[in-house]
2 protein chains.
Amino acid sequence: MKSRAKAVRSRKAPTAGTPSAVDVTGRTVRVDAQRNLDALLEAAKAVFDASGVDAGVREIAKRAGVGIATVYRHFPQRSDLVAAVYRREVDACVEAAATLAKEHEPREALVRWIHRYMSFIASKRGLVAAYRAGVPAFEALPAYFRKNLEPALQALLDAAAAAGRIRHDVEPYELLWAIANLSTPPSGVGPQYSRRMVGLLIDGLRYGAGQGAPASKASRRERG
Amino acid sequence: MKSRAKAVRSRKAPTAGTPSAVDVTGRTVRVDAQRNLDALLEAAKAVFDASGVDAGVREIAKRAGVGIATVYRHFPQRSDLVAAVYRREVDACVEAAATLAKEHEPREALVRWIHRYMSFIASKRGLVAAYRAGVPAFEALPAYFRKNLEPALQALLDAAAAAGRIRHDVEPYELLWAIANLSTPPSGVGPQYSRRMVGLLIDGLRYGAGQGAPASKASRRERG
DNA sequence: GCAGGAAACGGAACGTGGTTCCGATTCACT
DNA sequence: AGTGAATCGGAACCACGTTCCGTTTCCTGC
């Protein structure tokens, strides 16, 4: 992909000796563009943390000290910016899966990771709602999330199922989505809501351990 | 609006055969106002069914053959219109609970009602997302939903718990919210997603039957 | 009937959001 | 330094929910 590594020209260095980055296409990236990109990501992260992912583009641009168009050149849609900001945290979540798998027995690792995942989702106010409501072209956002989180959860599920601790007929993507949607409590309910509901879901996983019956069928049978 | 202390006293039977409706405050309602209200509700229902609850106010007004202001006079906020439209369906859902309780044994009645409730939610595209995202004053909408649906589900839960078929430590409101949130499948997943996930939830309810341990604790215990 | 006035009306106007456009600016390379 | 292109900033545009206000319609007391 990268055709050549670009060395720094000894002209004036705007950002303290930073080597000019290279595009995926091999083009050199202008230092101001790179600087703005960094500022944008940092500002977006700060604003999202403070006001949720519903924060306006103008606010982010202002905080980053750039114009609106600069935002849209780097990120064709608002959702692309959201995805870029959370990419790093998704990666961390994926790494956590491997770590937990080594340090705990299969089911415990699964439960702990689910809680880890819940924390990530819960801290992103409005992420799920935005993802949902954003009908037009929010397709870019779930792509990265799914591509990385699904295999991580799949590994945990397989290990726990192999150990006979949970049923083995659950799709990881469905579980990811379900947990994400359970991570927003309604108003007027204690903060433990999410844990309780996801706890129910996990108990449902355990309920069918070793049976292999689909959840939908199991729920309809008169006697377990 | 200016502060207008209206003191309309006793009315007289107005002209044509249609008896003019009366306000909750006892004021007579103008026939054109009533006609527009009806047209508005009908149009809104049609548009919501066709385009989801995210449909614009202008579209609804146009379909009803009225101006924008007319919408806002009858419904101070968009969410009030949504709530009004769905009030009828909520009532139907509540009635279904009583019917099912008579025709089936407790747990079966509970499961069947949950599926009934899921159908209602699923047919209202974007309802949950709007409810969630609508931070400002979407408080009016859940009020009616909760006030009516919560007791209905509570009765079903009590009956099933008394029969020893499910755990008895689940809050009905939490369950309503959880199911509603599980009723929106992610893109690229079969339509059976919701049934599977709610099935897991129901299995979780059965898992702890007769134990009474909170879901959150049960989910963390090493052995059941 | 009819006239007066309040209730209800329609649609333009406002504020805010995401997105696009375009002239001005800044950078990279010779 | 010079030149062309990549990048920039912010005004402009569109769609949305909501508000304002001049106009119309209906009820009512005569």
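Just so it is clear, the model here is predicted, and its values are computed rather than measured. Below, chains carry the letters A, B, ... as their sequence lines are ordered, and counting in each starts from 1.
For the side-chain contact (heavy atoms from CB on, under 4.5 Å) test with B:Ile60, the passing option among B:Val47, B:Val66, B:Val85 is B:Val47; the others fail.
For A:Arg30 and C:dA28, a side-chain-to-base donor-acceptor distance below 3.5 Å is absent, hydrogens and geometry of angles not being considered.
Residues A:Lys45 and A:Glu89 are paired through a salt bridge, judged by an N-O separation under 4.0 Å between the basic side chain and the carboxylate.
From B:Ile114, atom CD1 reaches atom CG of B:Leu182 across 11.0 Å, with rounding to the nearest 0.5 Å.
Distances shorter than 4.0 Å separate none of the side-chain N or O atoms of B:His74 from OP1 or OP2 on C:dA8. Regarding contacts with the backbone of C:dA8, every side-chain N or O of B:Asn36 stays at 4.0 angstrom or more from both OP1 and OP2. Using a 4.0 Å cut-off, some side-chain N or O of B:Arg73 falls inside it from OP1 or OP2 of C:dC9. One finds a side-chain N or O of B:Arg35 lying less than 4.0 angstrom from the OP1 or OP2 phosphate oxygen of D:dC26.
If you check residues 58-72 of chain A against DNA chain C, the residues with a heavy atom closer than 4.0 Å are A:Arg58, A:Ile68, A:Ala69, A:Tyr72, listed by number.
Checking C:dT19, D:dC8, C:dC9 against the side-chain heavy atoms of A:Asp32 singles out D:dC8 as nearest.
Taking atom CD of residue A:Gln77 and atom C1' of nucleotide C:dT19, one finds them 9 Å apart after rounding to whole Å. If you take CZ of A:Phe75 and P of D:dC8, they are 11 Å apart, rounded to a whole angstrom. Distance CG (A:Asp54) to P (D:dC16): 18 Å, rounded to an integer number of Å. If you take CG of B:Asp80 and C1' of D:dT18, they are 13 Å apart, rounded to a whole angstrom.
Centroid-to-centroid, the aromatic rings of A:Trp113 and A:Tyr117 come within less than 6.0 Å.
A donor and an acceptor atom, one from each side chain of B:Tyr144 and B:Asp91, are located under 3.5 Å apart.
For residues 57-66 of chain A, the set of pairs meeting the salt bridge (charged side-chain N to carboxylate O under 4.0 Å, His left out) definition, not counting sequence neighbours, is empty.
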